[in-house]
Enquirer: 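There's a structure below that I have some questions on.
In this chain, residues are counted from 1 in sequence order.
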Amino acid sequence: MEYFNVIKGDGPLIAAAIHSGHMLRDEIKDKFYLNDSERLKEEDPFTDEFINFVPTRIIVNSSRFEFDLNRPEDKGVYLTPEDAWGLKIWKEIPSDKMVKDSLGLYKTFYEQMKIIFSEYVNRYNKIFVYDVHSYNHRRSGPEGTPDDPSKNPNFNIGTGNIDATYWRDLIDDFINDLQQFDFGFAKPDIRENIKFKGGYFSKW
């Protein structure tokens, strides 16, 4: 499996699931202190399926615990618990070569994104990039008490990296459309910039 895939289609809408992956390179698998289920708590599983209706999709299959594409390059590999929500990541600090190899994949991803986005901007003049993430609101486990709903809406629309004044009509229309959709449960709680405002990928 490739560490990321790009499915190209028509139209100016591009969707990305950069934290959907769980894959690790063979040479580093046994170096992790965290087990699979512990990593899943901070990864964004199934976000690749959230965007499968979009003609052009960017899907990352590698775990953010090897390299995090939503952080700047100098923070792209978690080395200490302070880098990763206080979690102990490694059995021992990875070697310089391990970090360099992971950052090589990080750099290749952004090199490819520059090519792809330029291609679509040239074709359509403007593009809309929909950067999809999820977050864990039951950090003590599936049977645990959910986190405070006042700070954890069903949908968080992160607009911190765009000119939210200029795009206000589009943002409001997008939120309104989501609120009208039948998700099969009570009317969803949709708010803006409550949990996250946007990371490095959207800023880039």
Enquirer: Output, in order, the C-alpha distance, side-chain angles, deciding distance and verdict of side-chain contact (heavy atoms from CB on, under 4.5 Å) for F67 and F109.
Expert: CA-CA 11 Å; F67 52 88; F109 173 84; 5.7 Å; no
Enquirer: Applying salt bridge (Lys or Arg N to Asp or Glu O under 4.0 Å), run through E73 and K107 and close with a yes or a no.
Expert: CA-CA 8 Å; E73 184 179 333; K107 291 176 183 177; 3.4 Å; yes
Enquirer: Mind checking the CZ-CG spacing from R39 to L24? Nearest 0.5 Å is all I need.
Expert: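 The CZ atom of R39 sits 4.0 Å away from the CG atom of L24.
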Enquirer: Surrounding CD of E27 (heavy atoms of other residues, nucleotides or ligands, distance under 6.0 Å), is the total greater than 12?
Expert: yes
Enquirer: Would the number of heavy atoms belonging to other residues, nucleotides or ligands and lying under 6.0 Å from CG of D177 be above 12?
Expert: yes
Enquirer: Nearest 0.5 Å please: distance from the CD atom of E42 over to the OG atom of S63.
Expert: 10.5 Å
Enquirer: With distance as the sole test, does N154 use its side chain to make a donor-acceptor pair with the main-chain N or O of D189 at under 3.5 Å?
Expert: yes
Enquirer: Give a yes or no on whether the backbone of D30 and the side-chain of K91 come within a donor-acceptor separation of less than 3.5 Å.
Expert: yes
Enquirer: So, do V99 and L79 sit near enough that their side-chain heavy atoms are less than 4.5 Å apart?
Expert: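 A side-chain contact exists here, since the closest heavy-atom pair is under 4.5 Å.
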Enquirer: Would you call R25 and E66 a salt bridge, taking side-chain N to carboxylate O under 4.0 Å as the test?
Expert: yes
Enquirer: Of all the heavy-atom pairs spanning N161 and S202, show the shortest one and how long it is.
Expert: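 Minimum heavy-atom contact is ND2-OG, 2.7 Å.
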Enquirer: How close do D83 and R71 get, heavy atom to heavy atom, and via which atoms?
Expert: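 Shortest heavy-atom contact: O-NH1, 2.5 Å.
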Enquirer: Tell me the closest heavy-atom pair linking R191 and S150, and the distance in Å.
Expert: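 The pair with the smallest heavy-atom distance is NH1-O, 2.8 Å.
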Enquirer: Mind checking ring pair (Phe, Tyr, Trp, His ring centres under 6.0 Å) for W85 and listing every partner two or more places apart, or none if nothing turns up?
Expert: Y78
Enquirer: List the steps and the verdict of side-chain contact (heavy atoms from CB on, under 4.5 Å) for D48 and N52.
Expert: CA-CA 7 Å; D48 55 327; N52 63 10; over 6 Å; no
Enquirer: Taking C-beta and beyond as the side chain, do F128 and Y120 meet within less than 4.5 Å on heavy atoms?
Expert: no
Enquirer: Any side-chain heavy atom of S134 sitting closer than 4.5 Å to one from T47?
Expert: yes
Enquirer: According to the ring-ring contact (aromatic ring centres under 6.0 Å, His included) rule, which pairs have a member within residues 29-53, sequence neighbours left out?
Expert: F32-W90
Enquirer: Should Y124 and I115 be regarded as members of a common hydrophobic cluster, given that ILVMFWY residues are connected when their side-chain heavy atoms come within less than 4.5 Å of each other, either directly or indirectly?
Expert: no
Enquirer: For the CD1 atom of I175 and the CD atom of E192, what is their distance to the nearest 0.5 Å?
Expert: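 It comes to 5.0 Å.
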Enquirer: For residues 178-185, which side-chain donor-acceptor pairs fall under 3.5 Å, sequence neighbours excluded?
Expert:
from : atom 1 : to   : atom 2 : distance (Å)
Q180 : NE2    : N176 : OD1    : 3.4
D182 : OD1    : G184 : N      : 2.9

Enquirer: Within this structure, what is the CD-NE2 distance for the pair E43 and H22, rounded to the nearest 0.5 Å?
Expert: 5.5 Å
Enquirer: With a 4.5 Å heavy-atom cut-off, do M113 and W204 have their side chains touching?
Expert: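 M113 vs W204: side chains touch.
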Enquirer: Identify whether I127 and I18 are in the same connected component of the hydrophobic contact network (ILVMFWY, side-chain heavy atoms under 4.5 Å).
Expert: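 Yes, it is one cluster - the side chains of I127 and I18 are joined through contacts under 4.5 Å.
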Enquirer: Linking Ile, Leu, Val, Met, Phe, Trp and Tyr through side-chain heavy atoms less than 4.5 Å apart, which residues share a cluster with Y135?
Expert: F196
Enquirer: Are the side chain of D44 and the backbone N or O of S20 linked by a donor-acceptor pair below 3.5 Å?
Expert: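 Checking the backbone N and O of S20 against the side chain of D44, no donor-acceptor pair under 3.5 Å is found.
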Enquirer: Do N193 and I157 touch side chain to side chain, with heavy atoms closer than 4.5 Å?
Expert: no
Enquirer: Would you say Y3 and I59 are hydrophobically clustered, going by side-chain heavy atoms of ILVMFWY under 4.5 Å?
Expert: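 Each belongs to a different hydrophobic cluster.
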Enquirer: If you look at every heavy atom in H133 and H19, which pair is closest and at what distance?
Expert: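 Residues H133 and H19, closest heavy atoms: ND1-ND1, 3.3 Å.
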Enquirer: Less than 4.0 angstrom from a charged side-chain N to a carboxylate O is my criterion; do K100 and D96 meet it?
Expert: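 Salt bridge: no.
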Enquirer: Using every non-hydrogen atom in the two residues, find where S102 and V77 come nearest and quote the distance to one decimal.
Expert: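 Shortest heavy-atom separation between S102 and V77 comes out as CB-CG2, 4.0 Å.
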Enquirer: Between K151 and D147, does any side-chain N to carboxylate O distance fall below 4.0 Å?
Expert: no
Enquirer: Given I89 and F65, is the side-chain contact (heavy atoms from CB on, under 4.5 Å) satisfied, shown in steps?
Expert: CA-CA 8 Å; I89 307 296; F65 283 97; 3.6 Å; yes
Enquirer: Give every donor-acceptor pair under 3.5 Å between a side-chain atom in residues 4-14 and any protein atom, sequence neighbours left out.
Expert:
from : atom 1 : to   : atom 2 : distance (Å)
N5   : OD1    : N61  : ND2    : 2.6
K8   : NZ     : E119 : OE1    : 2.9

Enquirer: CG of L103 to CE of M98: how many Å apart, nearest 0.5 Å?
Expert: 11.5 Å
Enquirer: Once you round to the nearest 0.5 Å, how far does CD of E49 lie from CZ of R57?
Expert: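 If we round to the nearest 0.5 Å, E49:CD and R57:CZ are 11.0 Å apart.
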Enquirer: Heavy-atom count around K195 NZ within 6.0 Å, excluding the residue itself: above 12?
Expert: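 It does: K195 NZ has more than 12 such atoms within range.
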Enquirer: Using the ring pair (Phe, Tyr, Trp, His ring centres under 6.0 Å) criterion, which residues pair with Y130? Sequence neighbours excluded.
Expert: F174
Enquirer: With a 4.5 Å cut-off on side-chain heavy-atom distances among I, L, V, M, F, W and Y, is there a chain of contacts connecting I28 to L87?
Expert: yes
Enquirer: Kindly indicate whether the side chain of L69, heavy atoms from C-beta on, has any atom under 4.5 Å from the side chain of F201.
Expert: no
Enquirer: Minimum heavy-atom separation for D68 to Y106, with atom names?
Expert: O-CE1, 3.4 Å
